J.: 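I have a structure here, written as structure tokens, and I will follow up with some questions on it.
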Protein chains: 2
Amino acid sequence: MARRSDHTRDELKDIILSASWDIVKKDGFAGLTARHIAKDINYAAGTIYNVFPAMDDLYLAVNGMTLDKLYAVLSSPDCTAHSAPPIQNIKKMAHLYRDFTKTYKPHWLMLFTYTLPDGKKAPEWYQAKVTRLFAPLETLLKPYYTQKPDRHRKMAARILWASVHGLCFLEETGKTPLITPQDSLSEMTGYLIDCFVAGIESK
Amino acid sequence: MARRSDHTRDELKDIILSASWDIVKKDGFAGLTARHIAKDINYAAGTIYNVFPAMDDLYLAVNGMTLDKLYAVLSSPDCTAHSAPPIQNIKKMAHLYRDFTKTYKPHWLMLFTYTLPDGKKAPEWYQAKVTRLFAPLETLLKPYYTQKPDRHRKMAARILWASVHGLCFLEETGKTPLITPQDSLSEMTGYLIDCFVAGIESK
DNA sequence: GCTGTAAATTGAACGATGTTCAAAATGGGG
DNA sequence: CCCCATTTTGAACATCGTTCAATTTACAGC
């Protein structure tokens, strides 16, 4: 039996989340059960409910970790170089997103396969993490919107983001290859960005 | 107890699927359980396993129904009018997709929240239903690709499809409004299509 | 150092879930 | 009419999220 003072409540929370992260990596979202976590961290299942009132809260917390990791990737200097042309940075960002979906596939999938029960809304902190994801792309789009309304730039960021995501999601879960060659995805995101950006400039 | 000759095996399959459809509509994917179906159709739970070897097969079958309904919508003459300019038909198709996600929200969500276990591949008939969805949009794009490679047209269809889907998906499950006004989604899909098509023409 | 109290931890229990399968019910052919 | 292949059943099994009384633990006060 685990001792009461083995870990503080915050430490315990970290331990639970860390174990959860590893379980999702190995067995996917389906393998993330209270009893499985408890066994890995040498506690009883009930203890988890002292830290997370329900498993749904834990799921959201794990998704929060994934969103943080994704934000860190999209904020990387790799795709915010001022020397490079903007469109190149945008393509780089799309590539980083695609890489993320492959490197953290189970965690990335869990972001979307877990949905809140019935009519529940996501907590404030979670929504903030989602919204934050658009910021890096909004910045990259600035050069194209010096003479255009800011609202259009925000829209463009969300559109591009959703498009790249949609392509990756269909590739991973559409249960069918999008087009014959294996890595046609980078070709498609490239084509998407080329056309969309050219469309912005021509309007 | 249900009589052995109440329904043929095929009838029973239809009855199970029909009941499943209604359950998903009312309680979402989470409510779709073998015992719930059994109660609604006045059979024992075990009977379902005579028709579907596992619940996963039933889930796929329900998703198949949803894909069929979606295909029927996207094939509607509403967005294939030869008199209208192509871009207007494309916007109409995007609008029809968006309508579908609202009208059949639980079924549409189930398409993506249910993922096959571990490394299993979707059956052939399912993949065919997915691929078929791109065809109507490929047709609408023909006017823009009379002088360009067919491969690009296929890519453009998948890109546009994934983009519109990505926007709808983020709107429904992103757990945060994309942009302040309520129905900014049609504005965003419009902007997406305008820019993307303009980009195609300018290249 | 002892004790009492508040907090942390446990593990059994409850109602679900998907799934299996022996037993029962059924109905058409000999 | 009865036999037997088919269909249907419902109890059983392992597992799930969740609850909660009982136990164990750590520490404050004497």
Side-chain angles (χ1 to χ4, degrees), chain A residues 1-20 23-24 26-63 106 110 113-120, chain B residues 1-20 23-24 26-63 106 110 113-120:
Chain A
M1 171 174 168
R3 302 282 154 107
R4 169 181 168 184
S5 60
D6 275 356
H7 309 100
T8 70
R9 203 183 185 82
D10 279 346
E11 279 176 350
L12 193 50
K13 185 171 185 174
D14 287 344
I15 290 171
I16 291 174
L17 285 179
S18 171
S20 299
I23 290 172
V24 172
K26 197 152 69 79
D27 302 326
F29 179 37
L32 185 59
T33 70
R35 288 173 178 83
H36 191 168
I37 298 169
K39 176 177 289 184
D40 283 5
I41 66 176
N42 204 32
Y43 272 83
T47 301
I48 294 172
Y49 286 82
N50 292 340
V51 183
F52 296 98
M55 288 300 284
D56 284 292
D57 300 291
L58 188 146
Y59 301 153
L60 274 182
V62 172
N63 278 349
M110 179 178 162
T113 52
Y114 168 68
T115 56
L116 298 166
D118 61 299
K120 269 194 180 174
Chain B
M1 172 174 169
R3 301 281 155 106
R4 169 177 168 182
S5 60
D6 275 355
H7 310 100
T8 70
R9 201 182 187 81
D10 280 344
E11 280 175 351
L12 193 50
K13 184 171 186 173
D14 287 344
I15 290 171
I16 290 174
L17 285 180
S18 172
S20 299
I23 290 172
V24 172
K26 197 152 69 76
D27 301 326
F29 179 36
L32 186 58
T33 71
R35 288 173 177 83
H36 191 168
I37 298 168
K39 177 177 289 184
D40 283 6
I41 67 176
N42 204 33
Y43 272 83
T47 301
I48 295 171
Y49 287 81
N50 293 340
V51 183
F52 295 97
M55 288 299 284
D56 284 293
D57 300 291
L58 187 145
Y59 300 152
L60 274 183
V62 172
N63 278 349
M110 179 178 163
T113 52
Y114 168 68
T115 55
L116 299 165
D118 63 297
K120 270 194 179 173

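Naming: A, B, ... by sequence-line order, numbering from 1 per chain. What you see is a predicted model, and the numbers here were worked out from it, not measured in a lab.
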J.: Have a look at A:A54 and say if it touches a base, only the backbone sugar-phosphate, or nothing, with a 4.0 Å heavy-atom cut-off.
T.: sugar-phosphate
J.: Rounding to an integer number of Å, can you tell me how far A:E11 CD sits from C:dT9 P?
T.: 11 Å
J.: Whole-Å distance between C:dT9 P and A:I15 CD1?
T.: 10 Å
J.: Which atom pairs, one a donor and one an acceptor, fall under 3.5 Å between side chains of residues 49-59 of chain A and the rest of the protein, sequence neighbours left out?
T.:
residue: A:D56; atom: OD1; partner: A:Y114; partner atom: OH; Å: 2.5
residue: A:D57; atom: OD2; partner: A:A54; partner atom: N; Å: 3.1

J.: May I ask you to decide if A:I23's main-chain N or O and A:H36's side chain share a donor-acceptor pair within less than 3.5 Å?
T.: no
J.: Quick one, B:I37 and B:L32 - any side-chain contact, counting heavy atoms below 4.5 Å?
T.: yes
J.: Take atom OH of B:Y114 and atom C1' of C:dT17, then tell me their distance rounded to the nearest Å.
T.: 15 Å
J.: Rounding to an integer number of Å, can you tell me how far A:D57 CG sits from D:dG17 P?
T.: 13 Å
J.: Give the rounded distance in Å between these two atoms: CG of B:D10 and P of D:dT6.
T.: 17 Å
J.: Check whether any side-chain heavy atom of B:L12 sits under 4.5 Å from a side-chain heavy atom of B:I48, and report yes or no.
T.: no
J.: Take atom NZ of A:K39 and atom P of D:dG17, then tell me their distance rounded to the nearest Å.
T.: 13 Å
J.: Which heavy atom of A:G28 sits nearest to which heavy atom of A:P106, and what is that distance?
T.: CA-CB, 4.3 Å
J.: Could you state the CD1-C1' distance from B:I41 to D:dT9, rounded to the nearest angstrom?
T.: 13 Å
J.: Specify the residues of residues 46-53 of chain B, ordered by number, for which at least one heavy atom lies under 4.0 angstrom from an atom of DNA chain D.
T.: B:G46, B:T47, B:N50
J.: Does the side-chain contact (heavy atoms from CB on, under 4.5 Å) test come out yes or no for B:E11 and B:T8, once each step is laid out?
T.: CA-CA 5 Å; B:E11 280 175 351; B:T8 70; 3.5 Å; yes
J.: Keeping the roles fixed (side chain from A:S20, backbone from A:I16), state whether a donor-acceptor pair exists under 3.5 Å.
T.: yes
J.: Determine the minimum heavy-atom distance between A:A44 and A:A38, stating which atoms define it.
T.: C-CB, 3.7 Å
J.: Nearest to the B:D56 side chain among C:dT19, D:dG10, D:dG17, which nucleotide is it?
T.: C:dT19
J.: Is there a residue in residues 28-38 of chain A whose heavy atoms reach under 4.0 Å of DNA chain D, and which residues are they?
T.: A:L32, A:T33, A:A34, A:R35
J.: For B:K120, what residues pass the side-chain contact (heavy atoms from CB on, under 4.5 Å) criterion, not counting sequence neighbours?
T.: B:L116, B:P117
J.: Does OP1 or OP2 of D:dG17 have a side-chain N or O of A:Y59 closer than 4.0 Å?
T.: yes
J.: Tell me the interatomic distance from A:Y43, atom OH, to C:dT10, atom P, rounded to whole angstroms.
T.: 7 Å
